[in-house]
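See structure below.
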Amino acid sequence: QVQLVESGGGLVQAGGSLRLSCVASGRTFSNNIMGWFRQAPGKEREFVAAVTWSTGVTYYQDSLKGRFTISRDNPKNTVLLQMNSLKPEDTAVYFCAGGTVKTTSNAGLSRYYGVWGQGTQVTVSS
């Protein structure tokens, strides 16, 4: 079983930056991809970014490209999400998730992620 623990959320002014961290423990080899999703109040959970463990290939929600960067540190079983030029609309609970995908087209689909962290709150003030 895999456990995921996120950290790094907080309150930041618009235009600022935050870096989220997700540490995986347990049977991490059971997942081949790690993703970040977010959920704002009253909205559905949406895909943010993902990275494959083995090759480091990354995937992003199109609207976030250029501001968000996902990376992984395999020896530390850690996935990072660097968020720059934050906007109030980025305010949400951010979740780290571990999944297994066979095709790249599934990287952004939450149903392929079976392990989720508890989430970390990101609040961007205007």
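Just so you know, these numbers use all the heavy atoms, side chains as well, and skip hydrogens, waters and symmetry mates. Computed from a prediction, not measured in an experiment: that's the story for all the values here.
Shown here for Met34 and Cys22, the closest heavy-atom pair between the two residues is CE-SG, 4.1 Å. The two residues Pro88 and Ser126 make their nearest non-hydrogen contact at CG-CB, 3.9 Å. Between Phe37 and Leu109, the closest heavy-atom pair is CZ-C, 4.3 Å. A pairwise comparison of heavy atoms in Arg67 and Leu86 identifies NH1-CA, 3.8 Å as the closest pair. Of all the heavy atoms in Trp53 and Asp73, the pair that sits closest is CZ3-O, 4.5 Å. Closest approach of Gln61 to Phe47, counting heavy atoms only: NE2-O, 2.7 Å.
Linking ILVMFWY side-chain heavy atoms closer than 4.5 Å, directly or via other members, places Val122 and Leu11 in two distinct hydrophobic clusters. Connection of Val115 to Val101 is not established within any shared hydrophobic cluster, with ILVMFWY side chains joined at heavy-atom distances below 4.5 Å, either directly or through further cluster members. Hydrophobic clustering, with ILVMFWY side chains joined whenever heavy atoms are under 4.5 angstrom apart, groups Val2 together with Tyr94. Linking ILVMFWY residues whenever their side-chain heavy atoms come closer than 4.5 Å, directly or via other members, places Leu20 and Ile70 in the same cluster. Hydrophobic clustering (side-chain heavy atoms under 4.5 Å, transitive across Ile, Leu, Val, Met, Phe, Trp, Tyr) keeps Val23 apart from Val79.
Note that the OG1 atom of Thr69 and the CG atom of Leu81 stand 8.0 Å from one another [nearest 0.5 Å]. Atom CG of Leu80 is separated from atom OG of Ser21 by 5.0 Å, given to the nearest 0.5 angstrom. The distance from the CG atom of Asn32 to the OG1 atom of Thr52 is 7.5 Å, given to the nearest 0.5 Å. Taking CG of Leu64 as the reference point, atom OG of Ser85 lies at 12.0 Å (rounded to 0.5 Å). A distance of 9.5 Å separates CG of Leu18 from OG1 of Thr123, quoted to the nearest 0.5 Å. Atoms CD and OG, on Gln82 and Ser17 in that order, are 5.5 Å from each other to the nearest 0.5 Å.
Side-chain atoms of Thr91 never come within 3.5 Å of backbone atoms of Glu89 as a donor-acceptor pair (strictly under, hydrogens ignored). Between the side chain of Thr58 and the backbone N or O of Val51 there is no donor-acceptor pair closer than 3.5 Å.
Cation-pi geometry between Arg38 and Phe95 is not met: the NZ or CZ atom fails to fall both under 6.0 Å from the ring centre and inside 45° of the normal.
Residue pairs satisfying the side chain to side chain donor-acceptor pair (under 3.5 Å) criterion with at least one member in residues 111-120, sequence neighbours excluded, are listed as follows: Glu6-Gln118.
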